[in-house]
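Because only heavy atoms are used, hydrogens play no part in the values below, and waters and symmetry mates are left out as well, while side chains stay in.
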Amino acid sequence: SNEIPISKIPIPKRLSLRGVPPRDDEAIPRTMGLPRAALAMTLVMDLTLQTYETGYLPTWCAGCGNYGIWAALKKALIALGLTPDQFVCVYDIGCNGNGSNWFKSYGFHSLHGRALPAAMGIKLAHHDLPVFVFAGDGGALGEGGNHFLHACRRNLDIVYVIHDKQLYSLTTGQTSPTTEVGVVTR
């Protein structure tokens, strides 16, 4: 196997903004879009849930599923050993859209339904940078439905999280593409 134990990987003295080590480290196998040395460096750091917080609090309704999604994302980032400067989040408009205010990372707040084109541009420009995209069911499958199909066809290494509430929640309950047939909304 080409895998090198993390304890045997030399940690580079400097990292670029994208978390990619200097060119002389190109021989190290890459994992999860990041060089093994960058993973080794982040594993030494003490990552906690607070590592990804900005001090601003979300404005979601009590009991909203978005809280669970953000908690799961933080735990996944800790498990991957990614620091806030080693990935980017792209947000659609909607209840999840202001995530760049309270989630510490590189971020981009896009137009409604246009989060995927922005994320694809970021990924094409920075191949090794992990890209996470967040959109509601309306922005992802309504206004952005065509972009979703093209993103699937292009098959870029992007994580797409759809907050499926079966409603346009910010407009207090209009039907969305995932609203079940027969549901009465406002």
Side-chain angles (χ1 to χ4, degrees), residues 1-60 64-110 115-136 140 151 155-163:
S1 164
N2 290 342
E3 293 293 318
I4 300 170
I6 288 179
S7 61
K8 301 287 185 191
I9 297 174
I11 297 175
K13 293 184 189 315
R14 64 178 176 80
L15 292 177
S16 71
L17 286 178
R18 293 188 312 164
V20 179
R23 283 231 174 252
D24 58 351
D25 204 75
E26 292 288 296
I28 294 178
R30 296 178 184 270
T31 303
M32 295 300 294
L34 287 175
R36 305 274 295 156
L39 287 174
M41 176 175 253
T42 59
L43 291 176
V44 174
M45 298 178 66
D46 185 24
L47 296 175
T48 66
L49 296 177
Q50 290 73 33
T51 302
Y52 308 101
E53 295 176 1
T54 63
Y56 294 99
L57 297 176
T59 54
W60 299 317
C64 178
N66 287 349
Y67 289 106
I69 291 171
W70 292 109
L73 174 65
K74 290 177 190 178
K75 290 177 182 178
L77 292 168
I78 290 170
L80 292 171
L82 294 176
T83 59
D85 64 338
Q86 293 179 319
F87 63 96
V88 65
C89 293
V90 179
Y91 305 93
D92 193 68
I93 289 177
C95 291
N96 70 80
N98 292 328
S100 57
N101 294 339
W102 50 78
F103 195 76
K104 191 185 296 182
S105 71
Y106 289 117
F108 186 88
H109 195 167
S110 73
L116 273 176
M120 288 187 288
I122 292 168
K123 190 63 175 182
L124 289 171
H126 303 283
H127 303 288
D128 292 332
L129 185 66
V131 178
F132 299 89
V133 185
F134 300 93
N155 197 25
L156 295 173
D157 186 18
I158 294 173
V159 176
Y160 194 29
V161 178
I162 299 175
H163 298 232

Can you see which heavy atom on [X] is nearest to which on [Y], and at what distance?
X	Y	answer
D157	K123	O-CE, 3.1 Å
Y56	N101	CD1-O, 3.4 Å
T54	K104	CG2-N, 3.7 Å
A151	L116	CB-CD1, 3.8 Å
P130	Q86	CD-O, 3.2 Å
A135	Y160	CB-OH, 3.8 Å

Option among I78, L80, L82 that satisfies the side-chain contact (heavy atoms from CB on, under 4.5 Å) test with L47: I78
From V133, L156, V88, residue fulfilling side-chain contact (heavy atoms from CB on, under 4.5 Å) relative to I122: V88
Take the angle between the ring planes of [X] and [Y] and call it parallel below 30°, perpendicular above 60°, tilted in between.
X	Y	result
Y91	F134	parallel
F87	Y52	tilted
Y67	W60	perpendicular

With rounding to the nearest 0.5 angstrom, report the [atom1] to [atom2] distance, [X] to [Y].
X	Y	atom1	atom2	value
T48	K74	OG1	NZ	9.0 Å
T51	E53	OG1	CD	8.5 Å
C89	L73	SG	CG	6.0 Å
Y106	D85	OH	CG	5.5 Å
L124	I158	CG	CD1	7.5 Å
D128	H126	CG	NE2	10.5 Å

